Amino acid sequence: MEGYCFELITGPMSCGKTEELLRRIRRAIIAKKKVKVISPEVDTRANGDYIESRNGLWLEAIKVKNSAQILSKVKPDDEIVAIDELQFFDEHIVKVISRLMSEGKKIIGTGLDLDFKSEPFGHMPELLCIATRVDKLTAVCMKCGCDEATRTQRLIDGKPADKSSPLIMIGGDETYEARCVKCYELPDIKGQKKEHEFKLLPFTRV
């Protein structure tokens, strides 16, 4: 039975998550399935109501402010619900997807498994647990060229972002690139400064 399942496509930035999502959606449309495509409003990369992959493929999508709105957008006759950028949704996204699955829908979603600090992103760990199928994609490392990049490197002014940077930066000058574990960098300037200051404290012999 095609419904009652949740396919989760994950991995770092530039690994082709949205491209794979669009491929599966197009196959469903060819099969004459009723598909609803949803994307979070916070994702402003696309300047309109659509999702777009890095290679230029795109498809119309409904933008929602929070996970609860997804339920109001999905109709009884929708067979497949595709949701892009799951890591940006609030804590209710797990219950929303579970409910849609219980209603016999097939869910196909994408999301970054790790944030720029290489830590679990949002509620992705819970989504990975309830998914009936998980495809973890890798990208090409933009530093050494290997094809096993699993980390998302944030760069600010061309340099790795500090550990203290905000999780989500809206309208900043930051850029992102895929890195392998070996080439991934996360400087801790504040931490290094504190350690340096501690070492400079005068030592008094008792």
Side-chain angles (χ1 to χ4, degrees), residues 1-67 69-71 73-75 77-90 92-94 96-101 103-116 120-140 147 149-152 168 176-178:
M1 187 177 295
E2 188 175 39
Y4 301 97
C5 65
F6 171 31
E7 299 177 359
L8 181 55
I9 307 164
T10 189
M13 293 191 72
S14 303
C15 71
K17 296 186 298 298
T18 302
E19 181 181 349
E20 174 61 18
L21 177 66
L22 291 171
R23 186 188 72 83
R24 297 186 193 184
I25 293 172
R26 293 185 188 282
R27 285 174 62 89
I29 293 174
I30 292 173
K32 300 186 185 305
K33 300 291 184 180
K34 184 75 173 179
V35 183
K36 185 64 59 69
V37 184
I38 293 170
S39 176
E41 273 190 4
V42 69
D43 183 12
T44 57
R45 290 175 301 169
N47 296 319
D49 294 337
Y50 59 90
I51 59 174
E52 182 179 15
S53 66
R54 293 179 183 274
N55 66 354
L57 297 176
W58 65 278
L59 199 65
E60 291 183 357
I62 297 173
K63 296 284 187 177
V64 296
K65 292 182 179 180
N66 53 59
S67 58
Q69 285 190 338
I70 296 175
L71 296 175
K73 303 299 181 182
V74 177
K75 305 305 178 185
D77 60 340
D78 288 327
E79 299 172 86
I80 299 175
V81 181
I83 310 174
D84 201 25
E85 305 293 352
L86 282 166
Q87 76 277 357
F88 288 136
F89 283 98
D90 55 73
H92 301 297
I93 188 62
V94 179
V96 167
I97 289 181
S98 295
R99 176 174 168 179
L100 291 174
M101 290 173 65
E103 294 175 355
K105 312 295 184 186
K106 176 179 180 179
I107 316 300
I108 310 175
T110 72
L112 291 166
D113 53 348
L114 300 173
D115 59 26
F116 84 96
F121 205 145
H123 298 277
M124 285 297 290
E126 298 160 87
L127 295 175
L128 286 164
C129 289
I130 68 170
T132 55
R133 170 182 171 181
V134 175
D135 292 289
K136 185 164 182 174
L137 308 181
T138 60
V140 174
D147 61 356
T150 58
R151 302 293 189 266
T152 298
I168 299 175
Y176 297 90
E177 63 182 29

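These numbers come from a predicted model, not from an experiment.
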After noting the C-alpha distance and the side-chain angles of L71 and L100, does the key distance pass the side chain to side chain contact (heavy atoms under 4.5 Å, CB included) rule?
CA-CA 8 Å; L71 296 175; L100 291 174; 3.9 Å; yes
Checking side chain to side chain contact (heavy atoms under 4.5 Å, CB included) for the pair L112/M13: CA distance, chi angles, key distance, verdict?
CA-CA 7 Å; L112 291 166; M13 293 191 72; 3.7 Å; yes
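Every residue two or more places apart in sequence or in another chain that forms a salt bridge (charged side-chain N to carboxylate O under 4.0 Å, His left out) with K36 is listed here: D78. In this structure, D90 has no salt bridge (charged side-chain N to carboxylate O under 4.0 Å, His left out) partners at least two apart in sequence or on a different chain.
Two residues are said to be in side-chain contact when any heavy atoms from C-beta on lie closer than 4.5 Å; I9 and V134 fail this criterion. The shortest side-chain heavy-atom distance between L128 and T10 falls under the 4.5 Å cut-off. Annotation: side chain of F121 is not in contact with side chain of L114 (no heavy-atom distance under 4.5 Å). Counting heavy atoms from C-beta on, the side chains of I62 and V37 never come closer than 4.5 Å. The closest side-chain heavy-atom distance from P120 to D113 is not below 4.5 Å. Between I83 and I107, some side-chain heavy-atom pair lies under the 4.5 Å cut-off.
Each of L86, V74, D84 was evaluated against I38; a single residue qualifies, V74, per the side chain to side chain contact (heavy atoms under 4.5 Å, CB included) test. Of the candidates K17, R23, R24, D135 forms a salt bridge (charged side-chain N to carboxylate O under 4.0 Å, His left out) with just one, namely R24.
The backbone N or O of E177 lies less than 3.5 Å from no partner atom in the side chain of S14, so there is not a single donor-acceptor pair. In this structure a side-chain-to-backbone donor-acceptor pair under 3.5 Å is missing from S39 to A61. Judged purely by atom type and a 3.5 angstrom limit, E79 uses its side chain to pair as donor or acceptor with the backbone of K34. Panel note: side chain T132, backbone F6; a donor-acceptor pair is recorded below 3.5 Å. Using modelled atom types, one side-chain atom of T138 and one backbone atom of D147 make a donor-acceptor pair closer than 3.5 Å. Under a 3.5 Å cut-off, the side chain of E20 and the backbone N or O of G16 do not form any donor-acceptor pair.
With values rounded to the nearest 0.5 angstrom, R133 atom CZ is found 8.5 Å from I108 atom CD1. Note that the CE atom of M124 and the SG atom of C129 stand 11.0 Å from one another [nearest 0.5 Å]. Of the inter-residue distances, the one linking R27 atom CZ with L22 atom CG reads 14.0 Å to the nearest 0.5 angstrom. Here H123 contributes atom NE2 and Q87 contributes atom CD; the two are 11.5 Å apart, rounded to the nearest 0.5 Å. Summarising the geometry, atom CD belonging to Q69 is positioned 9.0 Å from atom CZ belonging to F89; distances are rounded to the nearest 0.5 Å. With values rounded to the nearest 0.5 angstrom, M101 atom CE is found 7.0 Å from C5 atom SG.
The local environment of CZ in R99 is sparse, with at most 12 non-hydrogen atoms from other residues, nucleotides or ligands closer than 6.0 Å.
In terms of heavy atoms, A131 sits closest to L8 at CB-CB, 4.0 Å. The two atoms that bring L137 and P12 nearest to each other are O-CD, 3.4 Å, heavy atoms only. Considering all non-hydrogen atoms of both residues, A139 and A178 come closest at CB-CB, 3.6 Å.
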